[in-house]
Amino acid sequence: MTCLQARATKERLFNAYILKAVEDLALTRAGLGYGPAAYTRDLRLAGSIVKASRPPLTMCVAAQVEVIAKALEIYESDTKDTSYRSFVPLTQWKSLRPHSLRGKIWIVEKSGSSGTASALETFGMGEQVPFEALKPGAFLNLNRERSGHAVIFLSYLDSSGEPMQQYSDKVAGFKYFSSQGTPENGGFGYRYAFFSDAGCPKLAEGMKRDCGVIRSSNQRFLNTGHMLAPNHWNSKRRDQALAVFNATKSIGGEGAFDPMYFDGKTTDD
């Protein structure tokens, strides 16, 4: 990849703002407790306020929306661009229906979604890419034998937990940021995840592990991808997603979310 190509890719992706949001939330909202709730505080989305249900508790899928909301806030402050607010209506951030944006991020029953990257791609706001092609600030949904998690990818890890800038066959896992743990001691924080075939290496004090992740090239089991910068969002894909949502609004109610699968438990809680 040439320097010009690398610059174009960087400008097309929203990863830099996602990372700024992670840094902010890690400093200001970490460790406030994990629970089946959303969000640690009220969020501003689509130009309106989305009320938190049981602040400051939050769960992993809600954490992805909170990171996005903070990233967009920082983006607006930097660029003064507010056009992104009207890209999807407020109901898409509030509804848990199978074909709403939030419903797909939550992976509610019959959503057909595999995670945040899948949801963002459906609405023209992102793209799914292979795990091997991830850049820091990507979205990743992992699965274990009996549970799952939604996280922000920060770096690849080797078998001793050391960061790797590029993917290779030595990659044993990845560092991530999300909300996990217990109601008392959990919440936003970092974890060091390892694939089940890489074991569960002992790490330095303070480096909390998440072992037993299924290694897969199937986006269903390891859903990975990037959010795009707002000026690269695809309105045609958005319109298709909204058409499906509107066509199915009268069928059933809110979707069924499985809090037992997204229980927040990691190896070192």
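Heavy-atom basis, side chains included; hydrogens, waters and symmetry copies ignored.
One finds the NZ atom of Lys110 at 9.5 Å from the NE2 atom of His99 (value rounded to the nearest 0.5 Å). Here Leu72 contributes atom CG and Ser77 contributes atom OG; the two are 12.5 Å apart, rounded to the nearest 0.5 Å. Distance CG/Asn223 to CG/Leu140: 7.5 Å, rounded to 0.5 Å.
In this structure, Asp268 pairs ionically with Arg209, as a charged nitrogen and a carboxylate oxygen lie closer than 4.0 Å. The pair Glu76-Arg44 fails the salt-bridge criterion, with no side-chain N (NZ, NE, NH1 or NH2) lying under 4.0 Å from an Asp/Glu carboxylate O.
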Let me check something: any side-chain donor-acceptor pairs from residues 236-243 under 3.5 Å, sequence neighbours excluded? List them with distances.
{"from": "Arg237", "atom 1": "NE", "to": "Glu121", "atom 2": "O", "distance (Å)": "3.2"}
{"from": "Arg238", "atom 1": "NH1", "to": "Phe87", "atom 2": "O", "distance (Å)": "2.7"}

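When every heavy atom of Ser100 is checked against every heavy atom of Gly103, the shortest pair comes out as OG-N, 2.9 Å. A pairwise comparison of heavy atoms in Gly189 and Gln180 identifies O-NE2, 3.2 Å as the closest pair. When all heavy atoms are compared, the tightest approach of Phe194 to Gly199 is CB-O, 3.7 Å. The minimum heavy-atom distance linking Met260 with Asp263 is given by the pair O-CB, 3.5 Å. The two residues Trp106 and Ala62 have their closest heavy-atom pair at CH2-CA, 3.5 Å. Heavy atoms only, all atoms of each residue included: Thr267 and Cys200 are closest at CG2-SG, 4.0 Å.
When side chains are defined from C-beta on, Leu222 does not count as touching Arg215, because their heavy atoms never get closer than 4.5 Å. Contact annotation: the side chain of Ser118 approaches that of Ser113 to within less than 4.5 Å [non-hydrogen atoms, C-beta and beyond]. A 4.5 Å side-chain heavy-atom check between Asn246 and Lys249 finds at least one atom pair inside the cut-off. Using a 4.5 Å heavy-atom cutoff, the side chains of His149 and Ser178 are in contact. No side-chain heavy atom of Thr116 sits less than 4.5 Å from a side-chain heavy atom of Val65. Annotation: side chain of Arg29 is not in contact with side chain of Thr58 (no heavy-atom distance under 4.5 Å). Between Phe262 and Pro36, the closest side-chain pair of non-hydrogen atoms is not below 4.5 Å. Thr266 places a side-chain heavy atom less than 4.5 Å from the side chain of Arg144.
Cluster membership for Met164 and Tyr192, using ILVMFWY side-chain heavy atoms within less than 4.5 angstrom, is not shared. Note: the hydrophobic cluster containing Ile152 does not contain Leu142 (ILVMFWY, side chain heavy atoms under 4.5 Å, direct or indirect links). Following chains of ILVMFWY side-chain contacts shorter than 4.5 Å, one can reach Val213 starting from Tyr156, so the two form part of one hydrophobic cluster. Note on Phe174 and Phe188: separate hydrophobic clusters, where clusters join Ile, Leu, Val, Met, Phe, Trp and Tyr whose side-chain heavy atoms are under 4.5 Å apart, directly or indirectly. Phe245 and Met125 sit in two unconnected hydrophobic clusters of ILVMFWY residues. Membership requires side-chain heavy atoms under 4.5 Å apart, directly or through other members.
No donor-acceptor pair under 3.5 Å is formed between the side chain of His226 and the backbone N or O of Asn15. Side-chain N or O atoms of Gln92 include one that pairs as donor or acceptor with a backbone N or O of Leu101 at under 3.5 Å.
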(request) Evaluate the ring-ring contact (aromatic ring centres under 6.0 Å, His included) criterion for residues Phe131 and Phe195: first the C-alpha distance (whole Å), next the side-chain angles of each, then the deciding distance (0.1 Å), finally the verdict. (result) CA-CA 12 Å; Phe131 175 74; Phe195 293 116; 5.5 Å; yes
(message) Leu19 vs Leu154, test: side chain to side chain contact (heavy atoms under 4.5 Å, CB included). Steps then yes/no.
(response) CA-CA 8 Å; Leu19 292 174; Leu154 298 176; 3.6 Å; yes
(message) Using the rule given for side chain to side chain donor-acceptor pair (under 3.5 Å), can you reason through Thr82 versus Arg85, listing the C-alpha separation, both sets of side-chain angles and the distance that settles it, and then say yes or no?
(response) CA-CA 6 Å; Thr82 61; Arg85 294 183 183 180; 5.1 Å; no
(request) Begin with the C-alpha distance, continue with both residues' side-chain angles, and end with the deciding distance and a verdict on side chain to side chain contact (heavy atoms under 4.5 Å, CB included) for Tyr190 and Val22. (result) CA-CA 10 Å; Tyr190 299 98; Val22 165; 3.9 Å; yes
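The neighbour count for Lys94 NZ, taken as heavy atoms of other residues, nucleotides or ligands under 6.0 Å away, does not exceed 12. For Glu132, the CD atom is densely surrounded, since the number of other residues' heavy atoms within 6.0 Å is greater than 12. With a 6.0 Å radius and a threshold of 12 heavy atoms from other residues, nucleotides or ligands, Arg220 has its CZ atom at or below the threshold.
Side-chain contact, Tyr261 with Asn143: a donor N or O sits under 3.5 Å from an acceptor N or O. Between the side chains of Ser216 and Asn218, no donor-acceptor pair of N or O atoms lies under 3.5 Å.
The disulfide bond (SG atoms under 2.5 Å apart) test applied to Cys60 returns no partner, not counting sequence neighbours.
For Phe153 and Tyr176, the ring centers are positioned 6.0 Å apart or more.
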